[in-house]
Q: 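One structure, pasted below without further comment.
Each ligand, and each atom within it, is numbered from 1 in the order the structure gives. As the structure is a computational prediction, the values presented were derived from the model and not from experiment.
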Amino acid sequence: MASSRRKFIKEATAVAGTLGIGSWWSKAWSRPPVHAQLEGSGRAVMASTWNHGMLANDEGFAALEAGGNALDMIEAGARLVEADAEGLSVGIGGLPDRDGHVTLDACIMDHTQNAGSVCFVQDVAHPITLARKVMEKTPHVMLAGAGAEQYARELGMKPTNLLTDKARKAWEKWQTTSNYEPVINIENHDTIGLLALDHAGRLAGGCTTSGVAYKMHGRVGDSPIIGAGLYVDGAVGGATATGLGEAVMRTVGSFLVVELMRQGASPQEACYEAVQRIIRSMPTDDLQVGYLALGRNGEVGGHAIHGGFNYAFHQQAEPKGTVQRVLIDASHG
Ligand code: ASP
């Protein structure tokens, strides 16, 4: 540990002692940087929100099998769901905004706190890949709107019409009443949030969505916001959110989950507490939010405001072992 860091921790711990916040504080903040302690348990894990997480995780493990790492697992899983034209809230087929435009948000993050994000992008088939390019090839974390689309073209990503007939018909029907009454968990809460841990101990996460249906043109939700829709800290774990982005952003939900885990909460306990923060601060009868978390030891947990939230959990004990696949009901865990 560098001496300046040691000095800071010593002084800060003394201050914590005088404030009476004691040992959990120093324990939580004195962990060495992840680069110094990266070690695999030999176990690989992937957890993704909702039913479509099962196929996303399969795709993630296929990427791992092909020699990829945790980040490749995330990108592969997210791309599969983005390409599914039947899904109404991710990638092609997503329900448009009130003006009829499909606008997408996505972000990705790795265990070294590299992060990339795109928001309010149109005609881009794979925003998760664009977010990864922002992370890996630019000095920035987030690109928005026309600038993100311009960057996609520079990378050779061809413009793709994302408004399917099914989504257009739903939008036209909505226009006749302008009365959108989504069924919680079904109609517009299948944003995919993905978390992965590879055999070498690298963590990564991603989140991709078309956002809330019939939103105002220009609205951006939590999904591309680092700390809201997604957060990963390689020394602690990762978290992701699904549901009404406004509630997640107001409580900086995914960051909160990871920080609670840093202080000793299990992934399950951390998700539960982040949900309580929302319940305590705003009316929740008509809104759903679900959190999913993965600790750096491979433990997962999830919790949501209302019933019906589930996530897919895959794990492989060793590189050549069988991949166990399970869909977990996280409603009231
Ligand atoms: N979180 C997404 C948003 O608010 C939508 C969702 O998950 O339902 O944009």
Q: Give the atom numbers and elements of ligand 1 that come within less than 4.0 Å of a heavy atom of Gly243.
A: 1 (N), 2 (C), 3 (C), 4 (O), 5 (C), 6 (C), 7 (O), 8 (O)

Q: Under a 4.0 angstrom heavy-atom cut-off, which atoms of ligand 1 come close to Gly211?
A: 9 (O)

Q: Looking only at side-chain N and O atoms, does Glu273 offer a donor or acceptor that is under 3.5 Å from a partner on Tyr291?
A: no

Q: When you measure from the heavy atoms of Gln288 to every atom of ligand 1, does any distance fall below 4.0 Å?
A: no

Q: Any heavy-atom pair between the side chains of Asp233 and Arg262 that's under 4.5 Å?
A: yes

Q: Give a yes/no on ligand 1: does Ser89 have at least one heavy atom closer than 4.0 angstrom to it?
A: no

Q: When you compare ligand 1 with Glu246, is there at least one nitrogen or oxygen pair between them that comes in under 3.5 angstrom?
A: no

Q: Are any of the N or O atoms of Thr191 closer than 3.5 Å to those of ligand 1?
A: yes

Q: Please state which part of Lys215 comes within less than 4.0 Å of ligand 1, counting heavy atoms only: side chain, backbone, both or neither.
A: neither

Q: Which of the numbered atoms in ligand 1 are under 4.0 angstrom from any heavy atom belonging to Thr242?
A: 7 (O)

Q: Quick one about Thr322 and Gln316 (side-chain donor to acceptor, distance below 3.5 Å, no hydrogens or angles considered), yes or no?
A: no

Q: Can you sort out which atoms of ligand 1 are near Ser223, meaning under 4.0 Å from one of its heavy atoms?
A: 1 (N), 2 (C)

Q: Indicate the ring-plane relationship of His217 and Phe120, choosing parallel, tilted or perpendicular according to the 30° and 60° boundaries.
A: perpendicular

Q: Starting from Met73 and following side-chain heavy-atom contacts under 4.5 Å between hydrophobic residues (I, L, V, M, F, W, Y), which residues can be reached?
A: Met46, Phe61, Leu64, Leu71, Ile74, Val81, Val90, Ile108, Ile128, Met135, Ile192, Leu194, Val323

Q: Report, in ascending order of atom number, the atoms of ligand 1 lying under 4.0 Å from any heavy atom of Asp222.
A: 1 (N), 2 (C), 3 (C), 4 (O)

Q: Just checking, is any N or O donor in the side chain of Asp84 or His52 under 3.5 Å from an acceptor N or O on the other one?
A: no

Q: Do Thr103 and Gln122 have side-chain atoms, one donor and one acceptor, less than 3.5 Å apart?
A: no

